[in-house]
Amino acid sequence: MSDTVFLTGASGFIAKHIIVELLNAGYQVRGSVRSLKRSDEVRAAVSPLLESVEGLDERLTFVALDLGKDDGWDGVMDGCSALLHTASPFPLQQPKSDDEIIKPAVEGTLRALKAAQAAGIKRVVLTSSAVAVMYGDLPAGKAMYDEDDWSEDFHPTQNPYGRSKTRAERAAWDFVASDAPNMRLTTINPVLVTGPALDGNYGTSLQVIERIYSGKDPMQPRFGIPVVDVRDVAAMHVKALSTPESEGMRILATEGFLWMADMARLIKDAHPNQGIKDRVAPDFLIKLMGLFDQDVRTIIPQLGQPKRVSNARAKEVFGMTFIPAAESILASAETIAANS
Ligand code: NDP
């Protein structure tokens with residue numbers, strides 16, 4: 001009988017790729033979803049990429065859990081050998097109040113860790129984020145952010161989602177240090193995750209690419225973001241399970257930084273009929289637009305500032321060779337084209 005991995009947030013964009021990696025590596029998966037009605041959707045999304053679909057109903061099972069509620073957590077991880085905790089609120093727009101997002105992120109993480117502890121699970125991989133690393137000033141003398149850096153709660157570039165991820169990750173490390181010294185935690189901290197979605201439910205992650213693809217913006221802001229492919233992020237979660245060296249580590253997942261105009265140019269070349277504009281907008285215009293558009297408002301403090309993030313640890317510990325950012329962006333655009 002193979003090891004069963006408990007995966008929270010099994011309906012997510014990243015989680016579906018993790019399920020593929022886990023099943024193809026021979027693990028069984030018990031996934032949590034908020035509604036069991038999503039089970040068939042997840043099975044259908046992952047099936048085409050599986051080496052075998054034999055016995056899939058037994059190899060991939062589902063339970064219903066909500067990060068914000070106590071119901072259902074008792075005994076839910078019994079018999080599992082590891083926990084991959086990916087679930088976290090990832091809203092399309094920043095919420096009005098921090099509580100809407102921070103409470104489920106932090107309390108949900110603690111619910112998951114306590115359930116794992118009660119089931120005797122010692123190995124935990126948490127999907128944190130680069131937003132728990134890079135929303136602070138880069139320390140003097142450093143050219144890029146790395147795993148030693150922590151985001152500040154109220155830095156000008158910070159937002160409620162970033163605070164929710166930073167606090168949830170801190171809560172996990174604190175829980176392990178104070179309550180579960182035998183638990184071996186690794187956090188995977190991805191930058192913007194792009195690449196192919198396994199179905200049309202790809203949520204917030206591809207929003208930036210979707211916006212460029214729509215051609216609705218007359219110019220692109222002087223804003224950029226580091227990018228990593230979803231297939232690499234999924235692979236890192238599964239590699240962590242068989243890489244003891246990664247225990248106790250935060251590990252950033254990033255391939256490289258791209259300006260939005262560069263992303264637009266790539267997508268425009270591949271989809272010339274979409275009316276995509278790749279001209280760079282003057283900052284004052286973006287600031288003006290920010291008065292009316294909340295999405296635009298959130299990027300204003302970062303205009304013209306490249307965020308460089310190191311992938312040295314991921315390469316060293318997991319031997320990662322990352323899918324090029326440009327290839328990943330184009331794969332996202334293909335997904336969006338196929339679903340529009
Ligand atoms: P998705 O929105 O696709 O996945 C989020 C998952 O969390 C979904 O399964 C969602 O369930 C679940 N979830 C959200 N709120 C709750 C809740 N209250 N109770 C139970 N489950 C909940 O996003 P991604 O796949 O992109 O994100 C997965 C993880 O990766 C998240 O932790 C995210 O913060 C992190 N991450 C993502 C990045 C990205 O660019 N995509 C970058 C860095 C980190 P449901 O389907 O029911 O909504």
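All ligand and atom numbering here is 1-based and tracks the order in the structure. Heavy-atom basis, side chains included; hydrogens, waters and symmetry copies ignored.
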Hey, does P190 sit under 4.0 Å from ligand 1 if you only count heavy atoms? yes
Provide, to 0.1 Å, the distance between atom 37 (C) of ligand 1 and the closest protein heavy atom, together with that atom's residue and name. I14 CD1, 3.7 Å
Ligand-side contact atoms (ligand 1) for residue partner A87, heavy atom cut-off under 4.0 Å: 7 (O), 12 (C), 21 (N)
Between S97 and D99, does any side-chain donor sit less than 3.5 Å from a side-chain acceptor? no
Here the atoms of ligand 1 under 4.0 Å from any heavy atom belonging to L65 are 20 (C)
So the atoms of ligand 1 within less than 4.0 Å of a heavy atom of L192 turn out to be 40 (O)
Using a distance-only test with no angle check, is there a side-chain donor-acceptor pair under 3.5 angstrom linking E169 and N189? yes
Under 3.5 Å: N/O of V193 near N/O of ligand 1: yes
Judged by non-hydrogen atoms, does H85 sit under 4.0 Å from ligand 1? no
Would R231 and S328 count as having a side-chain donor-acceptor pair, cut-off 3.5 Å? no
Could you list which atoms of ligand 1 come closer than 4.0 Å to a heavy atom of R38? 45 (P), 46 (O), 47 (O)
Taking NZ, NE, NH1 and NH2 as the nitrogens, is one of them in D146 or R313 under 4.0 Å from a carboxylate oxygen of the other? no
Under the criterion salt bridge (Lys or Arg N to Asp or Glu O under 4.0 Å), I'd like the reasoning laid out for D278 against K268: C-alpha separation, chi angles, the key distance, then a yes or no. CA-CA 8 Å; D278 57 5; K268 183 181 168 183; 3.5 Å; yes
Under the side-chain contact (heavy atoms from CB on, under 4.5 Å) rule, collect the residues that match up with S178, sequence neighbours excluded. none
List the closest protein heavy-atom neighbour of atom 23 (O) of ligand 1: residue, atom name, distance to the nearest 0.1 Å. F90 CD2, 3.5 Å
Is a salt bridge present between E147 and R250, judged by a nitrogen-to-oxygen distance below 4.0 Å? no
min-distance protein heavy atom vs atom 30 (O) of ligand 1 -> T127 CG2, 3.3 Å
With a cutoff of 4.0 Å, is S128 in contact with ligand 1, counting heavy atoms of the residue only? yes
Which bit of Y202 gets closer than 4.0 Å to ligand 1, counting heavy atoms only: side chain, backbone, both or neither? neither
So does D293 pair up with R211, basic N to acidic O under 4.0 Å? yes
Cation-aromatic face contact R222/W259, 6.0 Å, 45 degrees: no
Is it the case that ligand 1 has an N or O less than 3.5 angstrom from some N or O of A15? no
Within-shell test, V33 vs ligand 1, heavy atom, strictly < 4.0 Å: no
Protein residue, atom and distance nearest to atom 22 (C) of ligand 1, heavy-atom basis: R34 NE, 3.7 Å
Taking the six-membered ring for Trp, are Y213 and H271 parallel (under 30°), tilted (30 to 60°) or perpendicular (over 60°)? perpendicular
Mark up the atoms of ligand 1 that fall under 4.0 Å of a heavy atom belonging to D66, in ascending order. 17 (C), 18 (N), 19 (N), 20 (C)
Considering non-hydrogen atoms only, spot the tightest contact between L291 and R297 and give its length. O-NH1, 3.6 Å
Is V230 near ligand 1, meaning one of its heavy atoms is under 4.0 Å from it? no
Can you find a side-chain donor-acceptor pair between T8 and S32 that sits under 3.5 Å? no
Is it the case that more than 12 heavy atoms not belonging to D74 sit under 6.0 Å from its CG atom? no
What protein heavy atom sits nearest atom 9 (O) of ligand 1, and how far away is it? S11 OG, 2.9 Å
Of P89, A253, G9, S205, the residue with the heavy atom nearest atom 39 (C) of ligand 1 is S205
Specify side chain, backbone, both or neither for S35, according to which of its non-hydrogen atoms lie closer than 4.0 Å to ligand 1. neither
Can an N or O of G12 be found at a distance shorter than 3.5 Å from an N or O of ligand 1? yes
Ligand 1-proximal atoms of V131, by part, heavy-atom distance under 4.0 Å: neither
For atom 42 (C) of ligand 1, what's the nearest protein heavy-atom neighbour? Residue, atom name and distance, please. V191 O, 3.3 Å
Name the closest protein heavy atom to atom 31 (C) of ligand 1, giving the residue it belongs to and the distance to 0.1 Å. T86 O, 3.1 Å
Take atom NZ of K37 as the centre, draw a 6.0 Å sphere, and report whether it contains more than 12 heavy atoms from other residues, nucleotides or ligands. no
Please report whether ligand 1 has a polar contact with F13, defined as an N or O pair separated by less than 3.5 Å (distance criterion only). yes
If you measure every N or O of K165 against every N or O of ligand 1, does any of those distances drop under 3.5 Å? yes
Looking only at N/O atoms, are L67 and ligand 1 under 3.5 Å apart anywhere? yes
Answer yes or no for R308 and F257: cation-pi contact, defined as NZ/CZ to six-membered ring centre under 6.0 Å and angle to ring axis within 45°. yes
Is any NZ, NE, NH1 or NH2 atom of the basic residue among D149 and K142 found under 4.0 Å from an Asp or Glu carboxylate oxygen of the other? yes
Ligand 1 versus T204: contacting region, heavy-atom distance under 4.0 Å: neither
Closest protein heavy atom (residue, atom, distance) for atom 34 (O) of ligand 1: Y161 OH, 2.6 Å
Got a sec: does the NZ of K277 have more than 12 other heavy atoms crowding it under 6.0 Å? yes
